[in-house]
Structure formats: C-alpha cells, structure tokens
There are 2 protein chains.
Amino acid sequence: MAAVPEPRRFMTKVARMYYTHGIRQVEIASSLGISQARVSRLLQAAEQAKIVRTIVVIPEGLHAEIEEDLQKRYGLSQAHVVEALDPNDEAGINRDLGEAAALILSAMQLSGKTIGFTSWSRSLRSLVSTLEPSKKRSTATRIVEMLGDVGPPQLQHDSTRSTQRFADLIGGTPLFIRAPGVLSSAEMREAMISYDVHTREAIAALDELDVALVGIGTCNIDAPLEPGGNFFTVEQFEMAKSLGAVGQINLRFIDAEGIPIVSELDSLVIGVTLAQLPAKGGRFAVAGGRSKYEAVRAALRGNWIDTLVTDMETAERLLRE
Amino acid sequence: MAAVPEPRRFMTKVARMYYTHGIRQVEIASSLGISQARVSRLLQAAEQAKIVRTIVVIPEGLHAEIEEDLQKRYGLSQAHVVEALDPNDEAGINRDLGEAAALILSAMQLSGKTIGFTSWSRSLRSLVSTLEPSKKRSTATRIVEMLGDVGPPQLQHDSTRSTQRFADLIGGTPLFIRAPGVLSSAEMREAMISYDVHTREAIAALDELDVALVGIGTCNIDAPLEPGGNFFTVEQFEMAKSLGAVGQINLRFIDAEGIPIVSELDSLVIGVTLAQLPAKGGRFAVAGGRSKYEAVRAALRGNWIDTLVTDMETAERLLRE
DNA sequence: GCAATTGACGAATCTTGATACACTTGAGCG
DNA sequence: CGCTCAAGTGTATCAAGATTCGTCAATTGC
C-alpha cells in the first residue's frame with residue numbers, strides 16, 4: 001500500500017456530507033467549488049475504498065418462528081435462516097449464506113479463542129470475503145485450518161488466501177496445514193504430518209478448538225474438487241456411501257442419523273476429527289442448498305453443529321421431513 | 001413497537017437485492033411483479049427502519065500526524081480528530097463528534113464494565129443516537145449516570161432516555177441518578193441522596209467506574225441550561241471563575257492548568273467527583289468547538305481525560321497554543 | 001349500508017446522480 | 001524543446017431513482 005494521504009481525507013469529507021448529512025451532490029459541489037461530476041466520482045471512490053459501507057442488516061429474528069423451531073427441534077443454540085433469491089442457484093445461495101454468516105460472526109466474541117476454519121468451503125470463503133475488519137487485535141487468537149489441501153492448485157490458493165484474510169480481518173494468527181487433505185495411505189499421512197513444523201503446530205491446535213467453522217459436504221465430488229490426488233477417489237466415496245454415509249463434516253463421514261462412519265478412510269485424512277470439534281456453543285456451520293440437505297440434516301441429528309446458517313428452503317425441509 | 005411482521009421481510013429482501021447484489025430497481029420491480037416506485041419506497045423504508053445502514057468510516061489514522069502529536073503532547077492514549085464541516089456551527093460539530101465517537105466506542109470492549117455516562121452532554125447524546133446496537137448482551141455491564149438532573153424538564157427527559165438507550169444498545173443495565181444535579185445546600189444534597197434507593201445505588205457505582213464518558217463544559221450557562229433550580233446560579237459560576245475556573249468536568253471546576261478548584265460548590269453537586277474518575281485508559285471525552293477550547297485544554301493539562309474526540313480546529317489550537 | 005377517510009399502489013413525470021467526451025495539465029522521453 | 005501519454009477535471013447528456021398525482025380498496029364513522 002503506497003502513501004495515499006490527501007484524497008482519502010477529501011473523500012471522507014465528501015462522503016460524510018453526502019451520506020451522514022444528506023446534502024445533495026450539486027450543493028456539495030458548489031460549496032466545495034468543484035463540479036458535481038467530481039463529487040459523484042469521489043463518492044464512488046470512497047465506496048471502492050471502503051470508506052463508505054452500506055450493509056443490509058438482517059433484522060433480529062425476522063424468521064423468528066422458523067428459527068426457534070429449528071433450534072428446538074435440533075437442539076441448536078442458534079439458527080439463522082436467510083431468504084434465498086433463487087433456490088436453484090447454489091452458488092448464489094452460498095454467497096448469501098456467507099454474507100449473513102459474516103454479520104452473525106462479527107457479533108461473536110472471538111478474540112483470544114482458537115478458531116477452526118474450513119477454507120475449502122465455498123460458503124465460508126464467501127463469509128470471509130464480506131467480513132468487515134474488526135478493530136480488535138489479538139495475537140492470542142488463532143485461526144487453524146481444519147483440513148489439508150484438497151482440490152486443484154487454484155482452490156488451494158484461494159483457500160490459503162482465505163484463511164490468511166480471515167486471520168487478518170479478525171486480528172489473529174493463521175495456522176496453516178501445509179499438506180494434502182487426503183493421502184493415499186496411512187503411512188504417507190504420518191510422513192506428511194511429521195514433515196512440516198507449521199502443519200504439526202496446526203494439527204496440535206486442533207485439540208484446543210474453542211470455535212469451529214465447519215464445512216458440511218455431500219458424498220459427491222462437487223464442482224471444483226476432483227477425485228484422487230489430494231482427495232478421495234470415486235471408489236472411496238462409493239465405499240463410504242455403501243457404509244451408510246450421507247454426508248461428511250470436513251471429510252469425516254456420517255450416516256443419516258449423524259453417527260460417524262468408522263473406516264480406514266479416516267486414517268487417510270489430515271484434518272480435524274469429529275471428536276476434536278469444540279464443545280457445545282462453538283460448532284458453527286454455514287450450509288444450504290438442495291444438494292446439501294441430507295448432509296445438513298445428518299449433521300444436525302448427530303449434534304455436530306449447534307449454530308446453523310441456512311436458507312429458507314432447507315430450513316423448511318428440515319422442519320417438515 | 002407494534003407487530004410489523006411481513007413488510008420487514010420484504011424490505012430486507014429488496015434491500016439485499018439492491019445493495020448487496022446491485023440489481024437495478026426496475027429489474028427488482030419486474031422480477032417481483034411490483035412497480036419501480038414501490039421498490040424505491042421499500043428501500044427508503046428499509047433505510048428508515050435501519051435495515052440498511054450506510055456508515056462512513058473514518059479511515060484509521062487519517063489525521064495520523066496531528067493525532068499522534070496530540071497524544072504525545074498531552075499524554076493521551078487515544079486522540080481522534082474529526083473534520084468539521086463548519087467550525088462556527090457548534091451544534092453541527094457536536095453531532096459530528098458524536099458520530100465519530102460512536103464508531104470509536106463501538107470498537108471498544110465494554111461488556112462487563114461499569115461505565116459512567118454524562119447524559120446531559122450534547123455530544124454524548126448524539127453519540128448515543130448514532131450508536132449501533134451491539135449484539136453482545138451482558139447484564140454485568142452497568143451504565144451509570146455521572147450527574148443528577150440539570151436543566152429544564154425537557155432536557156431531563158432527553159437525558160434519561162439517552163442513558164436508557166445507551167444501556168439498551170450496549171446491552172447493559174442503566175443506573176439513574178434521580179435527583180437534581182445541583183442542590184441549594186449541602187444538607188439538601190444529603191437528604192436527596194438518602195431519599196432514593198436507585199440514586200444511592202448509582203452513586204455507589206461511581207466508586208467502581210471502569211470507563212467514564214465525561215462531559216467537558218465551559219464556565220458559562222449554555223443554551224439549554226438555565227441558572228438556578230437544579231443548576232448553579234450565575235453568581236456561583238462567577239465565584240468559580242473568580243477562583244480561577246476555566247472549565248468543568250461534570251460540574252467539578254478546574255483551572256487553566258487542570259487543577260481542581262476546591263470550594264463549597266462541590267458539596268452541592270450530586271455527581272461524580274474528579275477523584276472517582278477511572279484510572280488511565282478509561283477517561284473518554286468528546287468535546288470540541290471554539291467555546292469549549294479553554295475547558296478542553298484545562299482538562300487535558302490536568303490529565304482528566306486520556307481519550308479525546310475533537311474537531312480539527314480545536315486540535316490545531318491545542319497543539320499551537 | 002353508505003359516505004368519508006385513509007392508506008397503498010402504479011404510471012407518468014421530474015429530480016438527482018452517473019457517464020461520455022473533450023480539454024487541461026504535468027511528467028517522462030525522444 | 002517539443003511531443004506523447006496518462007491522469008484528472010468540467011460540461012453536457014443520459015440513465016436511474018424519487019416524487020407527484022390520480023385511482024382504488026379497505027376501514028371507519030354516521
């Protein structure tokens with residue numbers, strides 16, 4: 001970031017006049033001796049520079065009934081339901097959920113905590129992208145990746161950046177798992193873990209999670225992920241399914257009742273185990289969309305999450321079925 | 001607040017489409033089967049209902065040099081300088097300062113603390129009016145009025161409401177001082193204090209302040225205040241001035257060097273004493289405008305405040321003179 | 001049961017704000 | 001020294017959004 005001293009001040013002044021005091025652009029222009037066009041441009045720049053922030057607050061308890069019902073039925077401590085614009089647009093839903101979750105998260109007390117983060121989750125990445133920087137700095141806060149790298153290099157990049165950014169925004173230290181998320185053998189897994197200091201550190205931190213932002217996944221290989229490599233193969237997924245798996249939480253499979261599926265697959269994953277998830281109060285999940293319904297329900301039934309952000313349709317199905 | 005269940009949901013939906021997704025009003029209108037006019041009106045309503053919030057952030061350290069200079073010169077832990085639109089418009093300055101202070105305050109950790117509040121201060125009331133509700137609830141947090149009632153009934157109402165609202169927003173319990181701020185005799189003062197349980201409670205809490213939002217006042221009787229009654233008389237002010245007073249902090253007079261002026265006036269005031277102000281780190285003042293300059297400088301010199309929010313002109317004078 | 005009143009709504013219109021384009025200025029370079 | 005190019009600005013214009021006004025439905029009063 002280069003030194004940009006003057007314009008920001010001017011932008012702030014104009015922005016305050018416009019937004020806070022509600023003065024018209026022409027009036028601002030004439031009172032400052034510049035053209036209206038310039039005021040308009042300054043305002044745009046101010047918005048760009050995040051000097052002006054327009055946020056849409058989800059009014060507390062807008063969907064009060066349905067949220068309470070969800071909480072009661074599944075023993076959640078918090079449920080948040082977001083109105084999806086288009087129930088068919090999974091990407092859009094994920095974005096919306098992420099935005100909503102960002103608001104909710106910003107109200108949570110996180111400083112000093114050890115926070116598990118699932119960086120490959122689309123909704124959690126979108127959460128990070130809309131999170132506003134918190135003024136509270138605390139190096140005591142740790143952001144731990146809960147799973148090694150999965151998917152193609154591009155996704156790995158995004159994930160790392162996302163974790164980094166999350167840590168920056170919240171004012172904590174990121175702990176990365178610099179290793180593939182899925183290995184081809186248990187031996188390889190051991191080798192990888194012992195390989196990197198940072199990875200060992202991160203893995204150790206997984207035992208001390210206060211809050212976990214978990215990703216809930218289906219038993220299919222969705223869009224950006226690819227079978228094999230640092231991910232399960234199609235056969236491995238099929239095997240999990242044949243054992244009753246309907247979904248997974250950070251690649252730990254669970255059945256329709258939420259019961260963990262124990263198999264040799266577990267020993268191939270570098271990441272948080274279900275047993276390591278924090279105690280009640282810190283299991284935060286952001287998931288929605290039709291494809292994830294089964295998995296979400298399973299996770300709820302198994303009590304693996306206690307704060308859920310989801311879309312209207314999923315919420316309704318969760319109560320109906 | 002009556003039950004307004006449906007429109008809010010709709011407003012939120014539209015607001016999200018417009019602001020978050022950047023969809024044009026006409027498109028929103030057609031996609032929802034309503035007119036563009038209605039979209040416009042819904043957005044206005046959403047803004048009104050605070051569902052949409054447009055905030056202008058003061059970029060961190062915009063006035064870095066001057067703020068640092070202030071901090072160094074007066075040993076402040078924080079200084080914030082706000083650009084005033086019109087240095088002559090004291091009411092406007094107070095509003096601006098209040099808004100800025102609200103942003104700063106919202107970044108402070110307040111839960112669980114005992115917070116002293118000066119409800120008659122215009123800038124602090126304006127702070128409250130722009131403060132955004134915090135989600136953190138904590139009944140352990142206490143908001144204590146630091147001075148009894150002063151001024152006409154209208155002001156008393158405003159003050160009480162302001163304290164109440166502040167407590168609501170921050171999620172704490174308000175403690176009111178239900179007594180005049182200035183009594184005609186020390187005996188009356190004792191009588192008033194013993195009179196009301198709540199007042200006694202509040203007064204007791206003044207000994208345990210963690211943070212004080214102090215008001216800095218001049219030695220004149222400004223606009224909404226009136227001499228006599230529950231306030232000092234003109235003669236009393238003159239007497240304080242003759243003893244060297246140039247300003248007062250919650251009606252405790254100080255001279256140009258910030259040294260407290262001890263007089264029998266002190267025994268007439270129901271409110272916090274200078275000795276009761278919290279230790280370094282919790283003395284928060286919002287004050288600016290030409291008329292207050294002397295008082296602010298005195299308060300700074302006496303080290304009665306360590307976090308100051310003020311306007312550019314005052315800041316510059318504080319460094320120059 | 002019928003006016004009168006109120007409030008909500010959309011079409012048309014007017015206002016406000018964004019943008020295309022032309023012009024100025026100053027830095028960098030031949 | 002003059003040319004080029006980029007950045008920034010103002011004017012004029014165009015698009016987007018706010019408002020006015022008339023209509024209609026629901027509610028209230030008589």
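Every heavy atom of this structure was used, including side-chain atoms; hydrogens, water molecules and symmetry mates were not. Below, chains carry the letters A, B, ... as their sequence lines are ordered, and counting in each starts from 1.
- In this structure the side chain of A:Phe166 never reaches within 4.5 angstrom of the side chain of A:Arg125, judged on heavy atoms.
- In this structure, A:Leu32 atom CG and D:dT9 atom C1' are separated by 15 Å, rounded to whole Å.
- The interatomic distance linking B:Phe10 (CZ) with C:dA8 (P) rounds to 14 Å, in whole Å.
- Side-chain contact of B:Asn94 with B:Glu90: a donor-acceptor pair under 3.5 Å is absent, judged by distance alone.
- Taking 4.5 Å as the limit, every side-chain heavy atom of B:Gln44 sits out of range of all side-chain heavy atoms of B:Glu47.
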Please walk me through it: do B:Glu99 and A:Arg16 pass salt bridge (Lys or Arg N to Asp or Glu O under 4.0 Å)? CA-CA 10 Å; B:Glu99 285 161 18; A:Arg16 284 177 56 84; 3.7 Å; yes

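- A:Ser40 places no side-chain N or O within 3.5 Å of a backbone atom of A:Gln36 that could act as its donor or acceptor partner.
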Under 4.0 Å protein heavy-atom contacts per nucleotide of nucleotides 11-27 of chain D, with B for base, S for backbone only and - for none: B----SBBBB-------

